[in-house]
Amino acid sequence: MNVLTFDTEEQIGIAAGYYMCGQVLQKPDSVLGLATGSTPIKAYKQMIELYKKGAVDFSQVTSFNLDEYVNLDVKDKNSYHAFMHDNLFDYINIPEENINFLNGNAEDLQLECKNYEKKIKACGGIDIQLLGIGSNGHIAFNEPADSFQRWSHVVELKESTIKDNSRFFNSIEEVPTRAVTMGIGSIMQAKRILIIAIGEHKAKAIKQLIDGNVTPKCPASVLQFHKDVTLMLDKGAASLI
Ligand code: PGA
């Protein structure tokens with residue numbers, strides 16, 4: 001595991017943005033696994049910046065997002081569709097038809113999850129997966145549990161995640177209680193993984209991810225078994241390692 005610590009969130013954003021764009025420069029038709037939440041926003045800003053400068057071209061890129069809420073209109077500002085358009089897709093030249101999301105409004109969510117896995121495979125797998133981490137150690141919406149869920153699936157969100165995410169909604173009651181998410185197996189199959197963590201509230205989860213027991217109680221800990229993981233941390237997130 002490659003652990004990089006930075007002084008500021010700005011620096012992490014720049015480094016992460018370059019890292020993602022470096023993948024696209026190496027392989028213009030890269031398949032990017034993308035994440036939502038506050039953590040990746042500055043990395044996306046940097047990717048936009050590099051695109052605007054003409055340094056990188058996303059016209060052959062395909063993307064798969066990690067997760068989406070169930071029963072939330074994609075036009076709702078809190079949907080992950082809207083988040084990705086507002087923070088990245090609307091400012092770069094990735095073709096709309098190359099953008100993939102789990103559809104949280106699908107009639108048959110199990111089938112939707114199966115088809116998502118098939119599509120990732122058909123595209124040759126994810127070249128680089130960008131990840132945040134929850135304060136409870138979740139990755140995507142893979143919450144602490146008694147076993148690892150392998151492929152994309154429907155989840156009931158934990159109280160702590162609903163609370164963490166309520167800052168984006170008008171009230172905690174508005175936060176959806178279910179989501180569709182890539183599974184641990186889907187994430188582990190990505191060829192490279194980049195995790196960003198910012199803030200002391202992530203420190204415990206980061207410690208467990210780096211040298212704790214590998215357990216579904218901290219889903220991120222499974223990344224110890226991945227051969228190409230880079231962590232970009234600020235001092236707060238790195239404070240226990
Ligand atoms: P955050 O969420 O970036 O909003 O902290 C990360 C996550 O829950 O994966």
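Atoms within a ligand are numbered from 1 in the order they appear, just like the ligands themselves. Reckoned from all heavy atoms, side chains included, excluding hydrogens, waters and symmetry mates.
Of the N and O atoms on the side chains of Ser152 and Glu117, at least one donor lies less than 3.5 Å from an acceptor on the other residue. If you check the side chains of Lys158 and Asn136, you find no donor sitting under 3.5 Å from an acceptor.
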*List the steps, then state whether side-chain contact (heavy atoms from CB on, under 4.5 Å) holds for Ser38 with Arg167.*
CA-CA 11 Å; Ser38 32; Arg167 67 191 190 277; 2.7 Å; yes
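For Phe64 and Tyr116, the ring centers are positioned less than 6.0 Å apart.
Side chain of His85 to backbone of His81: a donor-acceptor contact under 3.5 angstrom is found. Glu10 contributes no side-chain N or O that, together with a main-chain N or O of Lys42, makes up a donor-acceptor pair within less than 3.5 Å.
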Between the protein and ligand 1, are there any N or O atom pairs that come within less than 3.5 Å of each other, and if so, what are their names and distances?
unit_1, atom_1, unit_2, atom_2, d
ligand 1, 3 (O), Ser38, N, 3.2
ligand 1, 3 (O), Thr39, N, 2.9
ligand 1, 3 (O), Thr39, OG1, 2.4
ligand 1, 4 (O), Ser38, N, 3.0
ligand 1, 4 (O), Ser38, OG, 3.1
ligand 1, 4 (O), Arg167, NH2, 2.7
ligand 1, 5 (O), Lys202, NZ, 2.6
ligand 1, 8 (O), His138, NE2, 2.7

